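The figures here come from the full heavy-atom set of this structure, side chains too, leaving out hydrogens, waters and symmetry mates. These figures come from a predicted structure and were not determined experimentally.
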Amino acid sequence: MKITFLGHASLQIQIGETHILVDPFISGNPKASHMDINSLKADYILITHAHQDHILDVEAIAKRTGAILISNFEIVSYYQNKGIEGHPMNHGGSWEFDFGRVKYVNAIHTSSFPDGSNGGQPGGFVIEGEHKNIYIAGDTALTYDMKLIPLQTKLDLAILPIGDNFTMGIDDAIIASDFVECEKILGYHFDTFGYIEINHEVAKRKFFDKEKDLMLLEIGEYIEL
Ligand code: NI
Ligand code: MN
């Protein structure tokens, strides 16, 4: 499993020959101005919630690639009305896709579309594929529901928001990594705008002091599990 950071909360995950985009917000991210959304491959697009900084490039990429959306019922319905194909899910549900198993899990946040449409309730994803398991938290507060994940899934990586203000900050993300029982963390949802700027060295040190590994990738950088 290869996971590429595309800036903010945008990820590209490659499982075998399948390309999965998560929360594509690239054309509107000033830090990602060197990225071209027309060069991104996508067989599926996972959407955690309907905020602008998670869905901005969904329509353009889905229409170019024919990618299938995976998100909550309201978000998938919104895009189906625009002629885009999708697989609706809801909290607690899992589905076996050709690349692996996906579960839509709880997040504490909000989820309206930029135009005011109902984006349902926000979520995160647990993905099991190629014998590797990852948790993508989405935008969320620290929540006790995270403790449910390791009851069923032994995680190889937890992708957690760390920028504070709109989501968990560093200290809560460390507790979240305890709740999901994962020592390897990829931080996201930081530095994109003023409200969520963090000190990288302080963040890494805090995780290190708890014997955990916080990875912060440059845009375009990837890790392999
Ligand atoms: Ni959000
Ligand atoms: Mn966000």
Verify side-chain contact (heavy atoms from CB on, under 4.5 Å) between Y195 and D164, making sure each step is shown before the conclusion. CA-CA 8 Å; Y195 289 127; D164 220 332; over 6 Å; no
Those residues at least two apart in sequence (or on a different chain) that pass side-chain hydrogen bond (donor to acceptor under 3.5 Å, both in side chains) with S77 are none
Geometric class of the [Y]/[X] ring pair [parallel <30°, tilted 30-60°, perpendicular >60°]:
X    : Y   : value
W95  : H87 : tilted
Y104 : H91 : tilted
H54  : H49 : tilted

Do [X] and [Y] make a side-chain contact, defined as non-hydrogen atoms from C-beta onward lying under 4.5 Å apart?
X    : Y    : result
I134 : F125 : no
L217 : I223 : yes
I127 : I13  : yes
L214 : I174 : no
V102 : M89  : yes
S111 : I75  : yes
E17  : D43  : no
L216 : Y188 : no

Should the pair [X]-[Y] be classified as a salt bridge under the 4.0 Å nitrogen-to-oxygen rule?
X    : Y    : value
D178 : K212 : yes
D191 : K31  : no
E59  : K63  : yes

Nearest heavy-atom neighbours spanning M1 and G129: CE-O, 3.4 Å
Is there a continuous path of hydrophobic side-chain contacts, each under 4.5 Å between heavy atoms, that joins I198 to I175? yes
same_hphob_cluster(L6, F25) at 4.5 Å side-chain heavy-atom cutoff: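 No, separate clusters.
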Is it the case that the side chains of [Y] and [X] hold a donor-acceptor pair, with the cut-off being a distance below 3.5 Å and no angle test?
X    : Y    : result
T167 : D139 : no
D53  : H8   : yes
Y144 : N106 : no
T153 : E128 : yes
T48  : D23  : yes

Walk me through whether D156 and Y135 qualify under side-chain hydrogen bond (donor to acceptor under 3.5 Å, both in side chains). CA-CA 8 Å; D156 296 289; Y135 168 48; over 6 Å; no
Show, in sequence, the C-alpha distance, side-chain angles and deciding distance for D115 and Y78, and conclude whether the side-chain hydrogen bond (donor to acceptor under 3.5 Å, both in side chains) test is met. CA-CA 11 Å; D115 66 5; Y78 176 93; 3.0 Å; yes
Is a side-chain N or O of [X] found less than 3.5 angstrom from the main chain of [Y], in a donor-acceptor match?
X    : Y    : answer
Y44  : V22  : no
N90  : N72  : no
R101 : V126 : no

Give, for atom [atom1] of [X] and atom [atom2] of [Y], the distance between the pair rounded to the nearest 0.5 Å.
X    : Y    : atom1 : atom2 : answer
I162 : I185 : CD1   : CD1   : 10.0 Å
Q121 : N118 : CD    : CG    : 8.0 Å
N133 : L225 : CG    : CG    : 9.5 Å
D145 : T140 : CG    : OG1   : 8.5 Å
S177 : M168 : OG    : CE    : 9.0 Å
I37  : S27  : CD1   : OG    : 5.0 Å

Not counting sequence neighbours, which residues clear side-chain contact (heavy atoms from CB on, under 4.5 Å) with K41? List them please.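 Q12, H19.
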Test log, rule ring-ring contact (aromatic ring centres under 6.0 Å, His included), inputs F5 and Y222: CA-CA 6 Å; F5 182 57; Y222 65 86; over 10 Å; no
Could you check M35 against N29 for side-chain contact (heavy atoms from CB on, under 4.5 Å), going step by step and ending with a plain yes or no? CA-CA 10 Å; M35 305 283 294; N29 180 357; over 6 Å; no
Would F99 and F97 count as a ring-ring contact (aromatic ring centres under 6.0 Å, His included) if you check the C-alpha gap in whole Å, the side-chain angles of each, and the deciding distance to 0.1 Å? CA-CA 5 Å; F99 61 85; F97 292 90; 5.5 Å; yes
Begin with the C-alpha distance, continue with both residues' side-chain angles, and end with the deciding distance and a verdict on side-chain contact (heavy atoms from CB on, under 4.5 Å) for L157 and L186. CA-CA 7 Å; L157 178 73; L186 175 63; 4.2 Å; yes
Can you list the steps and then say if L69 with I47 is a side-chain contact (heavy atoms from CB on, under 4.5 Å)? CA-CA 7 Å; L69 307 189; I47 308 170; 4.1 Å; yes
When you look at H200 and F190, which way does the ring-ring contact (aromatic ring centres under 6.0 Å, His included) test go after all the steps? CA-CA 10 Å; H200 294 205; F190 64 93; 5.4 Å; yes
